[in-house]
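Dropping the structure in here first, questions after.
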Amino acid sequence: MAFKNPETIGLHGGEYRSDPTTTSVAVPIYQTTSYQFKNADTAANLFGLKEFGNIYTRIMNPTCDVLEKRVAALEGGLAAVAVGSGQAASAFCVQNVCQAGDNIVSSTDLYGGTVNLFKNTLSMQGIEVRFADPKDPKNFEKLTDEKTRAYYGESCPNPYLRVFPIKEVADIGKKHGIPLIIDNTAAPVICKPLEHGAAVVMHSLTKYIGGHGTSIGGIIVDGGNFDWVKDPKRQPLFNEPDPSYNGAVWGRDVPKLTGANVAFAIRSRVVLLRDLGAPLAPFNAWQIIQGLETVALRMKQHCANAEKVVKFLESQKKVKNVIYPTNHQGEIRDRAKRYMKGGYGSLVGMDLGSKEAGAKFIDNLKMLYHVANIGDARSLAIHPASTTHSQLNDKQLADAGVTPGYVRLSIGIEHHDDIIADIEQALAA
Ligand code: PLP
């Protein structure tokens, strides 16, 4: 049975009903590296992709499989590939379409780890990332050339919390045969990028989907809505024979083999996971499955609490500015309304006016944790100017969108009165 509602998908999405061997309702942790082949023919078929099944846990695992199917269902995609971290998911998304000499156009509004990956590591490997300000979606088109293989953005990036123009950029991509990849880490359940034309969604599962701050993980969801073979020159990795796989032409062969348009997911798995490693460990997949069961409920509470905190902060004289997706004006605000449903996320920024005030606020928090993380069930805070961005001068801070007094809050699911009480006493101090 296919479910539409995220509350149900978190518990029943995908194919898993109970363990086929033991009838266990809870998903078992298949802590195994390898799988006994039925016979030599089956083994040959599995390796030749004539049949799909378990071979080796670097490439697939039954616990990860349940997670993959559920997250794919949650995003409205056709297939998903779990990997060891959100960083691995971002890297794989680009490496799945680019080889040395190719480029992607990415939003400037990005998680810092993604900026490092794009500006430094991928560029050292010959993959160029061109940065476009998403304020005007046409900036993506301006930076496109014949070697552009993908567009990349984050649905709700901090620190600015300007929601990405998903349909606008996806439409430009469709004209040129370029898929849009969206990092939806900050907005599971409340934002559905595939419905607005994105081709691929990725998550750091470490954040809201895991939700309890226990496990690092990432996932890539193939929307199954992108035509990889329409313009063969635009997507050579999906249209030219792959010498590492008996000359497979992924864009052509995967739909034939599977009956589904899941070439992006299959190539991520059988080429990138095979060659680069970085699988999600079964135990982490299991922990994240526990989080997935309640993510829809938690997102409601995260969003409702964040809105209450925003209102409270707006009433405080010591707070110079409150940053939230709906606090922007004009088109940027309209995007939040268009692309987010049921809430605007749990990230809230506030400017306390000076570096000293920001640091002092953090030091006086009693319940909120001071950590470099987001999306935990617990409320979290960080002052970038004294931590993650402490090497930058005021001008560089401004370019990164963090004023010296900027504090980022990731509002948890505690009672809102307790969250506000802690913020209030820390502001007073
Ligand atoms: N994408 C976003 C938006 C993130 O916030 C993060 C981590 O903070 C990542 C990707 C990377 O995820 P991970 O820490 O799981 O590697």
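Note that the numbering runs from 1 along the sequence shown for the chain. All ligand and atom numbering here is 1-based and tracks the order in the structure.
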Only pairs under 3.5 Å count here: list side-chain donor-acceptor contacts from residues 421-429, not counting sequence neighbours, and write none if there are none.
from   : atom 1 : to     : atom 2 : distance (Å)
Asp422 : OD1    : Lys366 : N      : 2.9
Asp422 : OD1    : Gln425 : NE2    : 2.7
Asp422 : OD2    : Lys366 : N      : 3.3
Asp422 : OD2    : Met367 : N      : 2.7
Asp422 : OD2    : Leu368 : N      : 2.8
Gln425 : NE2    : Asn364 : O      : 2.9
Gln425 : NE2    : Asp422 : O      : 3.2

Exercise for review: Taking all heavy atoms of Val163 and all of Cys156, pick out the closest pair and write down the distance.
Suggested key: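 It is CG2-SG, 4.4 Å.
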
Quick one: side chains of residues 85-96, donor-acceptor pairs under 3.5 Å with protein atoms, not counting sequence neighbours, listed by atom name and distance.
from  : atom 1 : to     : atom 2 : distance (Å)
Ser85 : OG     : Gln87  : N      : 3.4
Ser85 : OG     : Ala88  : N      : 3.0
Gln87 : NE2    : Gly113 : O      : 3.3
Ser90 : OG     : Gly86  : O      : 3.1
Ser90 : OG     : Tyr152 : OH     : 3.4
Asn96 : OD1    : Arg267 : NH1    : 2.9
Asn96 : ND2    : Phe264 : O      : 2.9
Asn96 : ND2    : Ser268 : OG     : 3.1

List the atom pairs, with distances to 0.1 Å, where a side-chain N or O of residues 324-331 and a protein N or O form a donor-acceptor pair under 3.5 Å, not counting sequence neighbours.
from   : atom 1 : to     : atom 2 : distance (Å)
Tyr324 : OH     : Gly345 : O      : 2.8
Asn327 : ND2    : Glu314 : OE2    : 3.0
Asn327 : ND2    : Val322 : O      : 3.1
His328 : NE2    : Tyr160 : O      : 2.7
His328 : NE2    : Leu161 : O      : 3.2
Glu331 : OE2    : Arg335 : NE     : 3.1
Glu331 : OE2    : Arg338 : NH2    : 2.9

Exercise for review: Tell me the residues surrounding ligand 1, counting only those with a heavy atom closer than 4.0 angstrom, sorted by chain and number.
Suggested key: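 If the criterion is a heavy atom under 4.0 Å, then ligand 1 touches Ser85, Gly86, Gln87, Tyr111, Glu154, Asp183, Thr185, Ser204, Thr206, Lys207, Ile216, Gly217, Ile374.
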
Review point. Step by step, would you call Ile182 with Tyr151 a side chain to side chain contact (heavy atoms under 4.5 Å, CB included)?
Key: CA-CA 8 Å; Ile182 290 287; Tyr151 293 153; over 6 Å; no

Exercise for review: For the pair Phe3 and His12, name the ring-plane relationship: parallel under 30°, tilted 30 to 60°, perpendicular over 60°.
Suggested key: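 Tilted, since the angle between the ring planes falls between 30° and 60°.
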
